[in-house]
Structure formats: C-alpha cells, structure tokens
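One structure below.
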Amino acid sequence: MAFGDTSARAKLRASVGGNDASTSVLAVDGAARVQQAAAQAQQAQRSWWESSTFAERLVVVRGFAARLESEEGAAVAQVLCSETGKPLRQARAEVRLAAARARQACGLLQQLPYALATAGGRDVTRPAAEADGGAVVSSSPGQSARRRTEFVEWEPVGVVASISAWNFPVVLACDVAVPALCLGNAVLAKPSEHAVLTGVALEGLWRRAGLPEVGTVLFTGSRVAGRAVAACAAGAPAATPAGGGEGGGSGEGGGREVPVPVHLELGGKDAVYVHSDAAAAAGAAEGAGAARVAPAARGADLRTVAHAVADAAFANSGQVCCAPKVVYVAGSQAAADDFARLAAARVARLRAGDPALPSTELGPLALGPAAAAGLRALVQEAVAGGAKDWVPEQVADPATAAAATWGAAAEESGGSFMPPAVLTHLRPGMRVLEEETFGPVLCVVAVSGPEEAAALMSRSRYGLTAACYSRDEGVARRLLRAADVGTVFWNGCGEMPLAMPWSGRRWSGLGFQLGGPEGYKAFLRPRSHVFNRLFS
C-alpha cells in the first residue's frame with residue numbers, strides 16, 4: 001500500500017540488528033531448516049517441561065502479557081499497522097486484547113477439571129482426584145475398589161506447530177502459544193507471510209519475558225491452505241527418539257510416517273438471523289410475530305441490531321473469520337431494505353485513510369490490490385444481476401464524513417482500499433452469497449422466518465458461527481439448535497469466546513482449539529493408568 005511510513009519497520013530492523021527487513025534479516029526457511037527447527041523444538045520441549053513447574057510457566061506467560069501492555073506492546077502495534085495496513089487504533093486494541101486473553105487463559109488453565117501429569121511423576125498410590133483434581137475411573141467388575149485404581153493423567157503433546165493468519169496475527173498467535181506453553185509444550189510458530197515482522201516482534205517479547213530457547217498442528221487460514229496442512233499432517237515423518245528407537249531405516253524418523261492430530265479453522269460465511277420482533281420497521285403494519293411490540297420500539301430495536309451487526313461485519317475492514325457476512329431478516333423485502341439502509345448508514349460514517357493516523361477507522365485490505373479487485377468484482381457482478389448496494393447513497397449524504405475520505409483512500413492505497421458494500425435483492429446462486437467474502441461486504445436477505453433461516457445457514461458450505469437477534473430466547477434456541485455450525489450467539493455476533501472450544505463444520509474447519517476444558521485438550525494427550533495392589 002502506498003500510504004503509511006516505515007518507522008515501525010526501521011525500529012524493528014534496529015532491534016534485530018539488520019539493515020533491510022525484507023532481504024538480509026528475514027530469509028525464507030527451507031525444508032531442511034524447518035526439520036532442524038522441529039528437532040530442536042522436540043529437545044527443548046522436554047527440558048521446558050522437566051525444568052519448570054506449571055506455576056513457573058504461568059509466571060513467564062504473565063510476564064509476556066505485561067510486556068504486551070507496556071511500551072513494547074505499543075511498538076508491536078506499530079509494526080502490525082505498518083505491515084498489514086490495520087488502522088493504528090485497531091492494532092493497539094488487538095495487542096491489548098491479546099494481553100487480556102493471555103491473562104484470562106492463565107486463570108482458565110488453573111481451573112482445569114482433569115489431572116495434569118508432571119515430568120517427575122507423582123505418588124501413584126493416591127487417586128488422581130486426591131492428587132490434583134482428576135477423576136477416578138470406576139473399578140473393573142470383580143475387582144475390589146481398594147485393590148485397583150484406574151485414572152487418567154494428561155501430558156503435553158510435545159511440539160505444537162502454530163500456523164497463524166494475518167488478519168489478527170497477535171491474538172491468534174497468542175491464543176495458541178499461551179496454553180500450549182503453560183501446559184508444557186514447545187511451540188514451533190509460523191506467522192503468515194503477510195505478517196512476518198509482527199511474528200518476529202512477538203518472538204522478541206517472549207524471549208525478554210523469560211521463555212527459553214525452545215505434535216499437534218493448529219492452523220487458521222483459508223480452506224485451500226488448510227487442506228494442504230491436513231494432507232501433510234496425515235503422513236508426517238515420525239521423529240526418532242533420543243538414542244534411537246524401534247523401526248528400521250536410516251535418517252530422521254527411520255522412514256516411518258505417522259498421522260499427526262490437526263485442528264483447522266478455515267473461515268466461514270457467518271450468518272445472522274433477525275427475528276420479526278426486532279425486524280419490523282417503525283410505523284410498519286402490525287404483524288403476527290410483533291403484535292405486542294409498539295412500532296416505535298420495533299424501529300429502535302432494528303436500528304440497534306443493524307448497528308451492532310454492522311460494527312461486527314466491518315471491523316478490521318471485514319477481514320474477520322467470524323464476522324457476519326449474511327443477514328437473514330424475517331419479513332418482507334421492505335424489512336430487509338430497512339435493515340440494509342441502517343447498516344449502510346452506520347458504516348458510511350467510518351473515516352478511511354492512512355492506517356498510521358489515529359483517526360483512521362477503515363483501512364486497506366491486507367492482501368493488497370488483488371484481494372480488493374476480487375471483492376469489487378463480486379459486488380459488481382451482483383449489482384449487474386439486480387442487487388442493490390445501499391452504501392453509495394449513504395456516502396453521498398453531505399452529513400457523512402466518510403464521503404471526503406473514501407475516494408482519497410482508494411487512490412492513496414494503490415488499489416488496496418475496498419469501499420464497503422451492503423447488498424439486498426440478491427438471488428440464490430449469486431457468488432457473493434456462496435463464497436467467503438473476506439472483506440467489507442454484507443449481504444441482507446429477506447426470509448419467511450427462523451425455519452427458512454436455519455435451513456439456509458445449514459445449506460452453506462461453511463459452518464463456523466451463527467447468530468440470532470430476538471426478544472424471545474426460545475426462538476433463538478430453536479433456530480441455533482437447527483443451524484449446523486460450531487458456535488452460536490443470541491443477541492450478539494462476531495466474537496471468539498476464550499473459555500469455550502472454537503470449532504467449525506464442513507469447509508469451516510476440523511477439530512477445535514481455544515479454551516475451556518474441551519478446547520485445551522488440543523494441547524494434551526491422555527495416559528491411562530490401571531494400578532493393582534497385588535502384594536500385601
């Protein structure tokens with residue numbers, strides 16, 4: 001992109017001792033170097049787990065969070081802004097969010113309801129529940145409970161390969177590294193090629209926080225890239241244990257291949273349903289689903305919902321996996337148009353410009369002119385097919401400050417800026433409705449009710465999140481239970497809750513990650529114990 005200065009890059013070059021971050025400092029690692037790094041990580045992981053306690057690892061992570069909250073974190077935000085085009089205020093917010101989520105993860109990890117193994121072992125005469133909160137499995141039939149104990153301990157998987165995306169490179173990298181490290185793993189991190197400098201800056205913070213030089217695969221990215229990761233993980237070469245091991249052959253792994261657990265989050269076509277008790281416009285005729293709500297109140301509800309959805313849909317210029325991309329509005333086409341008008345008015349007031357300026361709210365697309373051109377083509381194709389984009393008339397309003405900034409942003413960004421679009425009058429089969437639009441594009445479709453909305457959500461090739469806005473929790477529960485997605489929201493959307501597992505269906509991914517007792521098991525593997533007291 002053309003606008004923005006390079007001061008952040010210059011500061012980072014100085015911190016790593018290079019002259020040109022694009023050439024002399026950051027060379028591309030080949031296959032041999034990656035294999036070497038993986039072998040080193042395996043050795044370092046054992047040392048990390050054996051030489052540190054769980055409490056000591058929490059201290060390192062909290063020290064890292066403190067650095068994110070300091071001037072060091074502010075420098076990371078500058079790098080993030082310079083490298084990806086994320087507006088500086090949003091980059092600073094992402095760094096603060098990463099620190100808060102790291103602290104929250106530490107608290108969640110301390111509350112895990114299962115037993116964590118320690119490298120030095122434990123007093124095996126005690127049941128796991130007494131030792132550290134694990135659950136004792138019932139005794140086998142015919143065996144005295146006093147003479148037989150069955151329990152499970154959870155150990156680190158070893159080396160976690162983290163391949164993070166460019167849209168939230170700080171938060172996504174930390175969401176993997178924090179629990180993985182706390183639970184005794186080593187992390188082999190691969191930042192996006194569009195956010196390499198941000199990854200280097202984070203590595204420096206970890207080192208200064210006290211992390212020593214130190215196989216599940218966790219991945220966030222596109223469906224195509226995810227399939228490649230899964231294919232590699234399905235036949236990964238097995239590492240040779242220290243001092244050799246069984247299985248003939250020469251070289252690393254002895255020629256054997258083993259499947260590696262893989263967790264993929266691959267984006268989505270996230271949908272929101274707006275029920276009739278919130279969708280009816282002010283002054284509209286009373287419908288059966290909204291008969292008990294005054295017209296003025298319904299109008300206020302619609303405005304509130306439209307603004308909330310627009311805020312989530314256009315955050316980070318729409319480059320968010322769980323951002324709303326389709327809104328199903330209950331009622332007539334007029335209700336959908338009312339919603340679209342209110343959402344367009346909301347986004348039309350966002351100021352575009354140089355991401356380095358604190359006043360900028362809407363930045364360029366991180367993947368540059370090609371990504372912007374592809375999205376513009378989808379919007380133009382839809383409009384040519386009869387769709388209406390509600391944003392241009394809102395931007396043309398003299399009261400809208402954005403009118404003076406969007407044109408300049410498009411020119412100064414070298415084609416990387418994509419004007420937001422809010423589309424209605426869409427027909428089934430249009431590409432803008434079917435494909436993941438990873439940018440500032442929102443589709444609004446009129447539906448007959450929650451049943452049709454749920455069917456359309458489940459018919460999508462993606463299944464990451466779904467949301468319902470309604471006064472009636474029962475309506476939301478029925479709709480969201482029928483939607484085949486990984487995470488659902490009632491009167492909210494566009495979030496990644498840390499205390500629960502994060503998963504997708506169909507093209508949106510495989511497995512799970514993030515938090516809670518279920519999510520953190522991605523970084524652990526069980527060892528089952530059967531202990532019999534045979535000798536008196």
Checklist entry - Under 6.0 Å from the CD atom of Glu56, do we count more than 12 heavy atoms belonging to anything else shown? => result yes
When you compare the side chain of [Y] with that of [X], does any pair of heavy atoms fall below 4.5 Å?
X	Y	answer
Val274	Phe339	yes
Ser52	Val60	no
Leu423	Val444	no
Asn185	Val159	no
Pro450	His275	yes
Val441	Leu378	no

Any chance you could measure [X], atom [atom1], to [Y], atom [atom2], to the nearest 0.5 Å?
X	Y	atom1	atom2	answer
Thr360	Leu88	OG1	CG	9.0 Å
Asn316	Thr84	CG	OG1	7.0 Å
Lys86	Asn167	NZ	CG	6.5 Å
Leu197	Leu202	CG	CG	11.0 Å
Cys468	Tyr328	SG	OH	13.5 Å

Checklist entry - Under 3.5 Å, is there a donor-acceptor pair linking the side chains of Arg351 and Ser359? => result no
Item to check | Under 3.5 Å donor-acceptor, Asp472 side chain and Gly474 backbone | outcome: yes
Checklist entry - Any sub-3.5 Å donor-acceptor pair from Gln394's side-chain atoms to Val391's backbone N or O? => result no
N-O pairing of [X] and [Y] below 4.0 Å:
X	Y	result
Asp270	Lys325	yes
Glu155	Arg527	yes
Glu69	Arg103	yes
Arg208	Glu72	yes

Checklist entry - Which word best sums up how the rings of Trp166 and Phe438 line up, parallel for under 30°, tilted for 30 to 60°, or perpendicular for over 60°? => result perpendicular
